[in-house]
Amino acid sequence: MDEHPDPVKELRRVFEVAQKELFPFVEMLPTLKNPAGKFDFESSREMGLLQDEG
C-alpha cells in the first residue's frame with residue numbers, strides 16, 4: 001500500500017472490504033467467554049462468507 005498512487009483511498013477500500021467480509025466472520029469465532037463460537041451457517045451464506053450448497 002505504501003506505493004499505491006492514492007494510499008488513503010486504497011486504505012479506505014481495504015477497510016470497506018474488511019467490514020463486509022472479515023469483521024462478521026471474526027465475530028463468529030470462539031472466544032474465552034464463548035469457546036464454541038457462534039457460527040451461524042445461514043447468516044454466513046447470506047453474507048457470502050460461506051459458499052456451499054446449503
Side-chain angles (χ1 to χ4, degrees):
M1 218 175 302
D2 290 344
E3 297 179 16
H4 195 278
D6 191 346
V8 174
K9 185 176 179 180
E10 177 64 2
L11 185 57
R12 183 173 291 123
R13 184 193 70 78
V14 169
F15 179 72
E16 288 171 2
V17 169
Q19 279 184 307
K20 179 182 174 189
E21 299 180 11
L22 179 63
F23 296 170
F25 177 72
V26 169
E27 290 175 7
M28 294 182 220
L29 294 174
T31 63
L32 287 175
K33 284 186 174 181
N34 186 7
K38 54 183 177 180
F39 195 82
D40 179 351
F41 285 95
E42 193 57 39
S43 294
S44 297
R45 285 183 190 100
E46 290 172 9
M47 288 185 281
L49 298 173
L50 185 64
Q51 299 175 4
D52 62 353
E53 294 297 318

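Every heavy atom of this structure was used, including side-chain atoms; hydrogens, water molecules and symmetry mates were not.
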Closest non-hydrogen atom pair between Pro35 and Pro30, with its separation: O-CB, 3.1 Å

Do the side chains of Glu16 and Arg13 get close enough for a salt bridge, i.e. N-O under 4.0 angstrom? no

Quick one, Asn34 and Thr31 - any side-chain contact, counting heavy atoms below 4.5 Å? yes

Sorted by chain and residue number, the side chain to side chain donor-acceptor pair (under 3.5 Å) partners of Arg12 (sequence neighbours excluded) come out as none

Glu42: salt bridge (charged side-chain N to carboxylate O under 4.0 Å, His left out) partners, not counting sequence neighbours: Arg45

Which heavy atom of Lys38 sits nearest to which heavy atom of Glu27, and what is that distance? CE-O, 3.0 Å

Co-membership, hydrophobic cluster, residues Phe25 and Val17, 4.5 Å side-chain: no

